[in-house]
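Worksheet: the structure to be examined is printed underneath.
Indexing begins at 1, ligand by ligand and atom by atom, following the structure's order. Only this structure's heavy atoms are used, side chains among them; waters, hydrogens and symmetry mates stay out.
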Amino acid sequence: MTLREKMHRELQLKTLFDQARDHAFNYAETADQRTVFPSAQAIADLDQFVEQLPRHSGDAAAILQQLHQYGSPATVAQTGGRYFGFVNGGILPVTLATRWLTDFWDQNAALYVMSPITSRLEEICERWLCELFGLPDETAASFVSGTSTAILCGLAAARFRLLHNQGWDFNQRGHNGAPPLRVIAHRETHSAVVKAIGLLGFGLDNIEWVDCDSQGRIVPEKMPQLDARCIVLLQAGNVNSGAFDPFEAICERANQVGAWVHIDGAFGLWAGGTQRLAHLTKGMNRAHSWSVDGHKTLNMPYDSGILLCRDRNALMMALQASAAYLTVSDYRDGMHYTPEMSRRARAVELWVALKYLGREGIDELVYGLHQRAKQFADELQAAGFEIMNEVVFNQVVVRPTNNDDATGKILQAIQASGECWVGGSVWHGKKVIRISVCSWVTTPDDVSRSVQAFVNARKAVCGK
Ligand SMILES: *Cc1c(COP(=O)(O)O)cnc(C)c1O
């Protein structure tokens, strides 16, 4: 049998897909009985994958079997309710099912002619997101892999526009001899923002850092004088504390002088999608670009970032590409909004998520994360732990002891318990544990059980 015949058979018989489904359901059903972080045995068993690159085509069923047998136990059980690391979200069942369906479509989202359905759903998502977040009607959306790329797109659009306003065509003339732009950033800016600044050639040494307050919000009084050459980087959701910057005052000033404001709201922008938390994002609609993830707070599958930009022209100019074989259509061609050409049809899952949840569902999901975070903080505090932040959104910063060494050991003990997973950080010079409630699955019981893991770990390390 040739390889092609073999693959035809696999498609026809479909047993491979039944097998994948069985493995997937088995995974889902047993994930909650496992430790959140894989056991030492599961990690050691990863040696099963170490071999020479095979010479012959393998047996598909056996490959899937190996992957499930040794791969599944070595995953981090992130789909359960007790994973609180980074800002990793859970996954909405309907978006997971959509992923299965659309994997069979295998669409390329680059051009309308490659996928009319994706093009239309990108347009609809763009409208819906503007409505949800109350952004200006003209706002354009780029559907990219994650917030890191979204920030890159936002800053590229900003650079194009601000230099264009100075009479400089960045695409043609580049950096050499260009009027210098100023980058004004929050002292606690996310590393993805800093990376984008470096990658785009602004130079990290040129960043004008602005101090923030005890909660990690930028202090407007500490802002330098702005002008038409400034890109101001604010955040909706400090990665440690979850704090939101005072957008209204700063956007007002920026708009007066023609500066550009980008708001990084990878997980926090969704607060603007619920009335009950809308006070956090007040004034954000006066910025110029916004980066946000679908795969964090909205609980979509990974590889779902979005850049929103009120200056469609600047965005498209910054990311343009042309070649004779690329059809320019009257429809939305997604690649003109993104650095990539070939791209997964991720807007399909976003459309499903938004249609399934609706405004009420988004409110329930997002506010629910906030409520669980509040519960976490309240129960930890009652158990004698110091909470370092005002829990305004889904983040809790905990300082279990005032000894950094012991804090590190407590963190390790919590992680090793397998009861839950939380990460460490350094905040305002102190070692802390950061909790991020990001999954729809997390119940009040999951929170209480995790608090118990904190208490046990402290006891093991400090004896009380
Ligand atoms: C996660 C995160 C990013 C990076 O997003 P990716 O989707 O991982 O690329 C940027 N900013 C903030 C505030 C984040 O939480």
Side-chain angles (χ1 to χ4, degrees), residues 76 78 83-91 95 129 133 141-156 183 185-200 207 212 215-218 231-245 247 261-273 277 280-281 284 287 289-308 338-340 343-344 346-347 349-350 353 366 369-370 373 389 392-397 422-425 427 432 434-439:
V76 171
Q78 201 175 266
Y83 184 84
F84 307 103
F86 305 95
V87 252
N88 290 357
I91 187 164
T95 60
L129 291 172
F133 293 134
S142 307
F143 300 99
V144 293
S145 55
T147 289
S148 299
T149 310
I151 296 165
L152 210 56
C153 297
L155 295 194
V183 177
H186 195 292
R187 180 79 61 195
E188 294 188 7
T189 280
H190 193 274
S191 59
V193 175
V194 179
K195 187 195 254 193
I197 294 168
L199 195 53
L200 288 172
I207 299 173
C212 41
Q215 292 302 313
R217 290 174 297 229
I218 208 164
I231 302 175
V232 181
L233 296 155
L234 303 181
Q235 60 191 21
N238 177 300
V239 78
N240 284 310
S241 67
F244 291 67
D245 286 333
F247 304 123
V261 178
H262 176 86
I263 298 177
D264 177 27
F267 63 95
L269 210 72
W270 296 104
L277 292 172
L280 296 172
T281 55
M284 78 159 176
S289 53
W290 305 262
S291 43
V292 58
D293 269 323
H295 53 228
K296 288 177 177 169
T297 313
L298 197 64
N299 282 229
M300 280 176 58
Y302 278 99
D303 185 7
S304 297
I306 306 151
L307 184 270
L308 295 159
T338 59
E340 314 97 317
R343 215 159 33 93
R344 213 167 66 72
R346 47 178 77 92
E349 290 144 25
L350 178 59
V366 177
L369 302 178
H370 172 59
N389 67 323
V392 295
F393 195 47
N394 69 330
Q395 300 290 118
V396 185
V397 183
V422 288
S425 188
W427 203 45
V432 295
R434 60 184 282 290
I435 299 166
S436 185
V437 185
C438 270
S439 173

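Using a 4.5 Å heavy-atom cutoff, the side chains of T338 and F143 are not in contact. Within the 4.5 Å cutoff, side-chain heavy atoms of L307 are placed close to those of H262. By the 4.5 Å heavy-atom criterion applied to side chains, D293 and L298 are not counted as neighbours.
Aromatic ring centres of Y302 and H295 lie closer together than 6.0 Å.
Applying the 4.0 Å criterion to heavy atoms of F267 picks out, from ligand 1, the atoms 15 (O). Of all atoms in ligand 1, numbered sequentially from 1 with element shown, those under 4.0 Å from a heavy atom of H295 are 7 (O). Taking a cut-off of under 4.0 Å to the non-hydrogen atoms of V87, the atoms of ligand 1 that pass are 15 (O). Each of the atoms 2 (C), 3 (C), 10 (C), 11 (N), 12 (C), 13 (C), 14 (C), 15 (O) of ligand 1 lies under 4.0 Å from some heavy atom of A266. Which parts of ligand 1 touch G146 is read off a 4.0 Å heavy-atom cut-off, strictly below it: atoms 7 (O), 9 (O). Heavy-atom contacts of A192 reach the following atoms of ligand 1: 4 (C), 10 (C) (cutoff under 4.0 Å).
Protein heavy atom in closest approach to atom 11 (N) of ligand 1: D264 OD2, 2.6 Å. Looking from atom 7 (O) of ligand 1 to the surrounding protein, the closest heavy atom is D293 OD2, 2.6 Å. For atom 1 (C) of ligand 1, the closest non-hydrogen atom of the protein is K296 NZ, 1.3 Å. Atom 4 (C) of ligand 1 has as its closest protein heavy atom S148 OG, 3.6 Å.
Checking side-chain atoms of R346 against main-chain N and O of V144 turns up a donor-acceptor pair under 3.5 Å. Here the side chain of S436 pairs no donor or acceptor atom with the backbone of G85 at under 3.5 angstrom.
Between the side chains of N238 and E188, at least one donor-acceptor pair of N or O atoms lies under 3.5 Å.
Among T149, T147, N238, the residue whose heavy atom lies closest to atom 6 (P) of ligand 1 is T147.
Screening W270, F267, F393 for a ring-ring contact (aromatic ring centres under 6.0 Å, His included) involving F244 leaves a single residue, F393.
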